[in-house]
Amino acid sequence: MEQYTPHQIVNELDRYIVGQSKAKKAVAIALRNRYRRSKLDEKSREDITPKNIIMKGPTGVGKTEIARRLAKLVKAPFVKVEATKYTEVGYVGRDVESMIRDLVEVSIRLVKSEKLAEIEVKSRAVAEKKIIDALVATRVKKEPDKAREVIVQEVEAELREGKLDGHMLEIEVDDNPKPMEVVPGGAEINIGSIFGDMLPKKKKKRKMTVKEALKLLINEESEKRIDNDAINEEAIRRAEQNGIIFIDEIDKIASGGKGHGPDVSREGVQRDILPIVEGCTVMTKHGAIKTDFILFIASGAFHVSSVHDLIPELQGRFPIVVELNSLTKEDFINILKVPENALTLQYSKLLAVDNINLSFDDSAIEAIADIAVCENESNEDIGARRLYAVVEKVIEDLSFNANGEHPVIDVVIDEAYVKEHVDSCASHDLKKYIL
């Protein structure tokens with residue numbers, strides 16, 4: 001884990017998320033405390049557990065994005081789950097332990113990708129040699145008068161320059177039939193993994209392009225060089241110590257003071273989640289994992305219910321409650337202009353593919369923000385997601401008519417263009433664009 005200070009963490013989050021300083025501060029402290037804990041002696045580390053967080057606020061204000069960017073910042077295993085997907089034991093539905101199994105799978109993919117990147121150079125060298133040998137053998141037959149060394153040099157140069165990417169060749173690769181998976185009650189058993197190592201590897205000849213063959217052979221060589229047991233061990237350790245689980249819609253399993261209803265008991269789901277958050281050992285197909293030091297971040301709008309409607313034991317496991325604010329017009333303007341992945345930049349890049357040089361002036365951005373605010377006030381407040389609907393409507397005709405067959409066209413979206421294509425608070429026109 002990199003040594004980010006809380007201020008540095010907040011600055012990194014500011015690159016992608018507008019506002020919500022309280023929530024950013026809370027997660028920055030939680031992340032820094034993990035680093036502080038890792039520097040303590042083993043006995044002290046066992047006594048210090050993460051202080052889990054509840055983010056309270058309307059949809060579309062950045063709750064999920066804060067957690068996702070936080071995990072990406074330090075390359076921590078991260079999963080997002082929805083509390084409404086879980087049901088009490090004995091009812092049809094996912095059991096709460098599946099979130100831990102999902103975290104382990106994510107962690108394994110993360111660790112494996114890092115290990116593959118480390119050995120890619122060696123694997124690529126072996127793969128290139130195999131392809132060069134295959135290509136040289138074919139070319140020697142076609143050009144018997146030319147020295148083999150010269151042909152090898154020519155093929156190597158052409159391969160490195162990418163001139164042979166589309167060339168077809170027949171090459172011998174491992175025959176890996178897809179293993180059958182049995183899933184009884186949510187637990188996955190990979191039949192291929194049980195017997196795969198006992199049986200000899202079969203080979204088969206396949207015809208493909210040089211580019212495809214190179215990729216396939218690099219993967220084969222990399223798989224031979226990595227130690228899957230070591231990867232599983234490191235992945236479980238990283239999931240235990242650095243894992244982040246984001247539980248969305250936790251307000252939907254709060255009782256809301258009713259205490260009855262047609263749904264499966266919401267309180268029962270809370271009680272099933274409780275031991276996972278408190279700390280227990282969950283068995284996965286890769287080994288046992290302790291949940292004591294996983295950071296849990298829960299979120300919900302809490303329109304109908306409140307945080308206090310959760311069972312006291314679960315509230316106690318989420319001691320930090322942060323309220324996120326509804327987005328203002330200034331926030332919408334900043335969202336369209338400031339982040340590195342701003343919506344206006346995304347559409348500019350998309351339409352550049354079809355030779356349209358798209359830009360938005362300040363009056364257009366202000367007009368879009370006005371419409372988004374008006375729509376959120378007159379209909380459901382869906383936060384920044386409202387901008388998707390408005391911007392999509394603004395450039396609908398432009399996106400439909402662009403085909404890339406014309407020379408580059410400069411298009412500047414201004415306030416008049418926005419008002420021409422979108423009526424303020426025209427909810428009936430916008431609903432089809434809202435996810």
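These values consider heavy atoms only, across backbone and side chains, with no hydrogens, waters or symmetry-generated copies. Source: prediction; values computed, not measured. Nothing fancy with the numbering, it's 1 onward along the sequence.
- With sequence neighbours excluded, no residue satisfies side-chain hydrogen bond (donor to acceptor under 3.5 Å, both in side chains) with Glu380.
- The neighbour count for His308 NE2, taken as heavy atoms of other residues, nucleotides or ligands under 6.0 Å away, does not exceed 12.
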Result block: side-chain N/O donor-acceptor pairs under 3.5 angstrom for residues 243-253, not counting sequence neighbours:
residue, atom, partner, partner atom, Å
Asp248, OD1, Ser299, OG, 2.7
Glu249, OE1, Thr84, OG1, 3.0
Asp251, OD2, Phe302, N, 3.2

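- Salt bridge Lys24/Glu12: absent, no basic N to carboxylate O contact under 4.0 Å.
- Glu366 meets the salt bridge (Lys or Arg N to Asp or Glu O under 4.0 Å) test with Lys329; sequence neighbours excluded.
- Side-chain atoms of Arg45 come within 3.5 Å of backbone atoms of Leu40 as a donor-acceptor pair (strictly under, hydrogens ignored).
- Side-chain N or O atoms of Asp309 include none that pairs as donor or acceptor with a backbone N or O of Ala254 at under 3.5 Å.
- The environment of Lys80 atom NZ is dense: over 12 non-hydrogen atoms of other residues, nucleotides or ligands sit within 6.0 angstrom.
- Here the side chain of Lys51 pairs a donor or acceptor atom with the backbone of Thr49 at under 3.5 angstrom.
- Judged by distance alone, the side chain of Arg37 and the main-chain N or O of Ile48 form a donor-acceptor pair under 3.5 Å.
- A 6.0 Å sphere centred on CD of Glu233 holds no more than 12 heavy atoms belonging to other residues, nucleotides or ligands.
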Would Glu267 and Arg271 count as a salt bridge (charged side-chain N to carboxylate O under 4.0 Å, His left out) here? Give the steps. CA-CA 6 Å; Glu267 190 173 304; Arg271 293 195 181 280; 3.4 Å; yes
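- Here the side chain of Ser222 pairs no donor or acceptor atom with the backbone of Leu116 at under 3.5 angstrom.
- With hydrogens and angles disregarded, no donor-acceptor distance shorter than 3.5 Å links the side chain of Glu240 to the backbone of Ile289.
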As a quick check of understanding, evaluate salt bridge (charged side-chain N to carboxylate O under 4.0 Å, His left out) for Asp370 and Lys419, giving each step before the final call. CA-CA 11 Å; Asp370 278 329; Lys419 289 183 176 178; over 6 Å; no
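- Residues satisfying the side-chain hydrogen bond (donor to acceptor under 3.5 Å, both in side chains) criterion with Asn325, sequence neighbours excluded, are absent altogether.
- The residue from Glu220, Lys224, Arg225 that alone fulfils the side-chain contact (heavy atoms from CB on, under 4.5 Å) condition with Val126 is Arg225.
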I'd like a table of donor-acceptor pairs (distance under 3.5 Å, sequence neighbours excluded) in which one partner is a side-chain atom from residues 62-71, with atom names and distances.
residue, atom, partner, partner atom, Å
Lys63, NZ, Gly57, O, 3.0
Lys63, NZ, Pro58, O, 2.8
Glu65, OE2, Arg69, NE, 2.8
Glu65, OE2, Arg69, NH2, 3.4

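- Checking each of Lys129, Lys215, Lys130 against Glu221 for a salt bridge (Lys or Arg N to Asp or Glu O under 4.0 Å) leaves exactly one that passes, namely Lys130.
- Every residue two or more places apart in sequence or in another chain that forms a salt bridge (Lys or Arg N to Asp or Glu O under 4.0 Å) with Asp362 is listed here: Lys337.
- Using a 4.5 Å heavy-atom threshold, the side chains of Asn242 and Pro77 count as touching.
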